[in-house]
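What you are looking at is a predicted structure, and each value in this text was computed from that prediction instead of being measured. Note on naming: letters A, B, ... go to the chains in the order of the sequence lines (proteins, then strands), and numbering restarts at 1 for each one.
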Protein chains: 2
Amino acid sequence: MLSIGKLSGLTGVKVPTIRYYEQIGLLPKPERNEGGQRIYNHTSRERLNFIRHARELGFPLDDIRELLALSDDPDQSCDAIDAIAKRQLAEVEHRLVRLKALHKELERMIVQCTCGTVQTCRVIQVLGDHGLCAADHQKIVSHDIDQ
Amino acid sequence: MLSIGKLSGLTGVKVPTIRYYEQIGLLPKPERNEGGQRIYNHTSRERLNFIRHARELGFPLDDIRELLALSDDPDQSCDAIDAIAKRQLAEVEHRLVRLKALHKELERMIVQCTCGTVQTCRVIQVLGDHGLCAADHQKIVSHDIDQ
DNA sequence: GCTACATCCTCTAGTAACTAGAGGTTCAAG
DNA sequence: CTTGAACCTCTAGTTACTAGAGGATGTAGC
């Protein structure tokens with residue numbers, strides 16, 4: 001029998017986030033006490049831990065929703081689960097490649113700057129003229145690198 | 001003298017995005033023709049190219065706004081510019097570290113799955129019990145890894 | 001029993017950087 | 001002069017939360 005604050009402390013998920021997960025249907029609506037405050041049990045705690053861990057591994061909430069649904073049916077094949085995990089792995093690998101290219105380019109740009117005036121600043125020059133770049137981030141789109 | 005569509009084609013920035021940049025004050029309000037449609041010049045094009053390239057390198061719009069302001073003052077020292085670029089580099093490096101840890105953990109989890117039923121699925125087990133993880137992503141918070 | 005004060009409640013709005021769509025106007029080619 | 005592409009404004013949606021207002025409830029000490 002846990003208050004939302006206790007559950008938060010035990011799982012490391014913030015109180016408003018727990019309420020948010022409930023709101024979007026990721027966590028079932030819990031019991032309430034006479035005063036109308038939420039009370040949780042061990043099952044809620046496990047489910048929330050699962051969600052948190054999956055978030056830590058970068059799974060989007062929609063995938064987590066699906067993973068939770070699949071995990072409720074223990075006799076099914078886990079192919080679908082595997083597919084989601086592999087998709088996430090591919091996504092992470094994709095981001096890694098882009099981020100490495102970015103890193104290289106940023107570093108190159110910064111190293112070349114001799115820190116004089118804005119007029120001769122290599123950073124500004126490179127940002128203004130893509131031709132000064134190494135070619136390897138030509139096709140990066142913002143979606144790949146945000147956050 | 002470019003229409004918004006032409007400018008979009010030349011810079012690779014989508015039409016609604018150009019309007020959005022204008023709306024948030026990143027691009028100055030352009031001239032209009034008699035019909036009320038935007039017309040751009042070479043300066044707009046350079047500025048938009050700069051923005052695009054900075055976005056490709058992962059700079060947030062607020063930083064780009066600052067970079068643009070700084071680049072308008074060619075005789076100033078470029079220390080401030082350098083600081084922004086280095087901050088961005090640090091950010092990218094930080095994300096790289098997290099993403100690598102994530103990648104390792106995801107891969108480990110997937111490899112261990114023997115693809116039987118949900119009941120024995122390693123993916124579900126690991127997600128449900130953080131103790132089954134290698135320790136190296138313990139303190140990742142979602143902010144580090146989103147997108 | 002009473003008083004603080006922490007914790008809880010709901011609701012709305014804000015974040016980043018766009019994207020999508022509705023509903024209407026203007027431009028350019030044939 | 002028509003037709004269809006391109007343009008216009010405005011609103012709302014995306015992801016995964018976070019912040020804050022304004023008020024109710026729970027709990028510890030006296």
Exercise for review: State whether B:Arg108 and B:Glu105 are salt-bridged, where the test is any N-O pair (Lys NZ or Arg NE/NH1/NH2 against Asp/Glu carboxylate O) under 4.0 Å.
Suggested key: yes
Check your understanding: Are B:Arg52 and B:Glu56 ion-paired here, with the side-chain N under 4.0 Å from a carboxylate O?
Key -> yes
Exercise for review: Consider only side-chain heavy atoms of I, L, V, M, F, W and Y, link residues closer than 4.5 Å, and tell whether B:Ile39 and B:Leu2 are in one cluster.
Suggested key: no
Review point. Between B:Asn33 and B:Leu61, who's closer to the 5' end of DNA chain C by nearest nucleotide?
Key: B:Leu61
Point to revise | Any A:Arg65 side-chain N or O less than 4.0 Å from OP1/OP2 of D:dT15 | key: no
Review point. Is there a side-chain polar atom (N or O) of B:Ser3 under 4.0 Å from OP1 or OP2 of D:dC7?
Key: yes
Over how many whole Å does the gap from [X] atom [atom1] to [N] atom [atom2] extend?
X       : N      : atom1 : atom2 : answer
B:Lys6  : C:dC27 : NZ    : P     : 13 Å
B:Glu56 : C:dA17 : CD    : C1'   : 15 Å
B:Leu7  : D:dC7  : CG    : C1'   : 14 Å
B:Ile4  : D:dA5  : CD1   : C1'   : 15 Å
A:Arg55 : D:dT18 : CZ    : C1'   : 14 Å
B:Arg52 : C:dA17 : CZ    : P     : 17 Å
B:Ile64 : C:dA16 : CD1   : P     : 13 Å
A:Met1  : C:dC8  : CE    : C1'   : 18 Å

Exercise for review: Answer yes or no: are there more than 12 heavy-atom neighbours, outside A:Glu31 itself, under 6.0 Å from its atom CD?
Suggested key: no
Check your understanding: In residues 35-43 of chain A, which ones come under 4.0 Å of DNA chain C, going by heavy atoms?
Key -> A:Gly36, A:Gln37, A:Arg38
Exercise for review: Mind running a 4.0 Å heavy-atom check of residues 14-26 of chain A against DNA chain C and sending the residues that fall below it, in number order?
Suggested key: A:Arg19
My understanding is that only residues two or more places apart in sequence, or in another chain, count here; which of them pass side-chain contact (heavy atoms from CB on, under 4.5 Å) with [X]?
X        : value
A:Glu46  : A:His42
B:Ile110 : A:Ala85, A:Lys86, A:Leu89
B:Gln37  : B:Asn33

Pairs under 3.5 angstrom only: tabulate donor-acceptor contacts from the side chains of residues 11-30 of chain A to other protein residues two or more places apart or in another chain.
unit_1	atom_1	unit_2	atom_2	d
A:Thr11	OG1	A:Leu7	O	2.8
A:Thr11	OG1	A:Val13	N	3.3
A:Glu22	OE1	A:Arg38	NE	2.7

Point to revise | Euclidean distance, A:Arg65 CZ relative to A:Leu68 CG, rounded to 0.5 Å | key: 9.0 Å
